[in-house]
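Some notes on the structure that comes next.
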Amino acid sequence: MNFNLEAGCRLLQWYAENARDLPWRSTDDPYKIWISEIILQQTRVEQGRQHYLNFIEKFPTAESLANADTDEVLLSWKGLGYYSRAMNLHTAAKQLVNDFGGNFPDNFNEILKLKGVGRYTAAAIASIAFGEDIPAVDGNFYRVLSRFFADDFDVSRSAAHGYFSELAKMLMPPGLAGDFNQAVMDLGSGICRPRKPLCRECPLEEGCAAAGTGTAELYPKKTKKVRKTELALGYAFVEWRGSFLIRRRGTDFIWKNLYEFPAEVPESFQKYSESSFLINHQLTHRSLRITINHYKIPDEHLFRRYAAQGGFLITDLEGSARKSFPQPLQRFIGEIFSG
DNA sequence: AACCCGGGGTG
DNA sequence: CACCCAGGGTT
């Protein structure tokens, strides 16, 4: 192996002087570190910061989270996306209480048993909270390491995690994995950025193969996904004096567990207006055409009977704020009541 | 190993 | 508009 521990030490020294001041870094409570890691999955630090503070205040312990109900947890996650993270977090809190007797597991293999905790997150918690010597390989590692070694390994391949774990070991000074992992995160965020990296300010510039040739932005190598066809989705916004109907989506297709409107109404209902808009649903690489027909129901009895028969919930603008909707529907509700 | 899951920021 | 972000689960 071609070790370069000296570069790793330079990175640690840089981190000692330049570490970001983040709320989850002022605790050694593995529960809080766990929460922060889940929130930060595919989520920028600045977006997750306030959510973390709110979440910890509302659920300060695994017990409090385990005892919460689903809607409460889901609501706390509003605006973060990837809502299955919230569901898994709830499940894992119950695991902590029931399977681990309230004691947070203290090593990689045990932490990995928690629902929603994969290789990256288990390594992050084990290294940061318990000092275990293991790299927490995430997107920052892919970028920093592929540049440092000018390595063309395609990071979209499933094997990338194992491959870059081995590369990480060449830089990691033994016994300091927690700081090393967080140092790579801060470097990847502030210096070794996806675009316009600041190689002149980088503690790893000396020894970095890509910086030496000015090719940092060519890494990491990643295959592009192909865009597929357009998809149509139809909704009925059924309203009676400011109240309207919603239901919870199932666990199939998109927007799992979130709320939405009915798909259709009886023929006797009179359409008040129609709006249609196109959004780019990046996760499925499809453009999504959402059409929402607006119905104003004149008769309360008719409104309630339809709701009961269809199994819909009746809510209003204030009530809807206590539910989680996909962003496009949430925006639609806001526009309906402001315009 | 491929595919699915989001909201928000950035150039 | 395209791409990215402290990834994990399912098939």
query: Over how many whole Å does the gap from A:Trp34 atom CH2 to C:dG7 atom C1' extend?
result: 15 Å
query: Of the nucleotides C:dA6, B:dC5, B:dG7, which one has an atom closest to the side chain of A:Leu258?
result: B:dG7
query: Can you tell me how far C1' of B:dC4 sits from CD of A:Gln42, to the nearest Å?
result: 13 Å
message: If the cut-off is 4.0 Å, is A:Arg143 near the phosphate of C:dC5, judged by side-chain N/O to OP1 or OP2?
response: yes
task: For A:Arg147 and A:Ala210, indicate whether the former's side chain and the latter's backbone hold a donor-acceptor pair under 3.5 Å.
output: no
query: Taking for each residue the nucleotide of DNA chain C with the nearest heavy atom, is it A:Lys115 or A:Arg44 whose nucleotide lies nearer the 5' end?
result: A:Arg44
query: Expressed in whole Å, how much space separates the P atoms belonging to B:dG6 and C:dT11?
result: 15 Å
task: Mind checking A:Arg20 for me? I need base, sugar-phosphate or nothing, with any heavy atom below 4.0 Å counting as a touch.
output: base
query: Quick one: is the NZ or CZ of A:Arg10 closer than 6.0 Å to the six-membered ring centre of A:Tyr15, and within 45° of its axis?
result: no
task: Would you mind telling me which of B:dG9, C:dA6, B:dG6 lies closest to the side-chain atoms of A:Arg195?
output: B:dG9
message: Just the rounded figure in Å: distance from C1' of B:dG6 to CG of A:Asn257.
response: 13 Å
statement: Between CD1 of A:Ile254 and C1' of B:dG7 the distance, given in whole Å, is 14 Å
message: So, OP1 or OP2 of C:dG7: does either fall under 4.0 Å of a side-chain N or O from A:Gln41?
response: no
field: Integer-rounded Å distance: C:dC5 P and A:Glu46 CD
entry: 16 Å
query: How far, in whole Å, is C:dA6 from B:dC3 if one measures between their C1' atoms?
result: 22 Å
- request: From the options C:dG7, B:dG7, C:dG9, select the nucleotide whose nearest atom is closest to the side chain of A:Asn88.
  value: C:dG9
Earlier contact from the 5' end, DNA chain B, for A:Ser84 and A:Ala159: A:Ala159
- request: Measure from the side-chain heavy atoms of A:Trp255 and tell me the nearest of B:dT10, B:dG6, C:dA6.
  value: B:dG6
- prompt: Atom CG of A:Leu40 and atom C1' of B:dG7: how far apart are they, to the nearest Å?
  reply: 14 Å
- request: Check every atom of B:dG8, C:dA6, B:dG6 against the side chain of A:Arg25 and return the nucleotide holding the closest atom.
  value: C:dA6
query: With a 4.0 Å cut-off on heavy atoms, is A:Val117 in touch with a base, just the backbone sugar-phosphate, or nothing at all?
result: sugar-phosphate
message: With salt bridge (Lys or Arg N to Asp or Glu O under 4.0 Å) as the rule and sequence neighbours excluded, what pairs involving residues 302-326 of chain A come up?
response: A:Asp71-A:Lys323, A:Glu300-A:Arg304
task: Ignoring backbone atoms, establish whether A:Lys196 has a side-chain N or O less than 4.0 Å from OP1 or OP2 of C:dC3.
output: no
query: Linking I/L/V/M/F/W/Y whenever any side-chain heavy atoms sit under 4.5 Å apart, do A:Phe312 and A:Tyr295 land together?
result: yes
message: Students often get this wrong, so: under 4.0 angstrom with heavy atoms, is A:Arg119 touching a base, only sugar-phosphate, or nothing?
response: sugar-phosphate
query: For DNA chain B, whose closest nucleotide is more 5', that of A:Leu80 or that of A:Ser158?
result: A:Ser158
message: Going by ring-ring contact (aromatic ring centres under 6.0 Å, His included), name the residues that satisfy it together with A:Trp14, two or more places apart in sequence or in a different chain.
response: none
- request: Pick base, sugar-phosphate or nothing for A:Gly81, based on heavy-atom distances below 4.0 Å to the nucleic acid.
  value: base
- request: Give A:Leu22 one of three labels, base, sugar-phosphate or nothing, depending on what nucleic acid heavy atoms sit under 4.0 Å from its own.
  value: base
message: Can you identify which nucleotide, out of C:dA6, C:dC4, B:dC5, has its nearest atom closest to the A:Val45 side chain?
response: C:dA6
message: At 4.0 Å (heavy atoms only), tell me whether A:Ile39 reaches a base, stays on the sugar-phosphate, or touches nothing.
response: nothing
- prompt: Does A:Phe261 reach the side chain of A:Val238, with side-chain heavy atoms less than 4.5 Å apart?
  reply: no
message: Is there a side-chain contact between A:Ser189 and the phosphate of C:dC5, meaning an N or O under 4.0 Å from OP1 or OP2?
response: no
statement: Rounded to whole Å, CD of A:Gln330 lies from P of B:dG7 at a distance of 8 Å
query: What's the NE2-P distance between A:His51 and C:dA6, to the nearest Å?
result: 16 Å
query: How long is the span from the CD atom in A:Glu260 to the CD1 atom in A:Ile246, to the nearest 0.5 Å?
result: 10.0 Å
query: Nearest to the side chain of A:Gln327 - B:dG11, C:dG7, B:dG7?
result: B:dG7
query: Between C:dG8, C:dA6, B:dG7, which nucleotide has the shortest distance from any of its atoms to the side chain of A:Thr121?
result: C:dG8
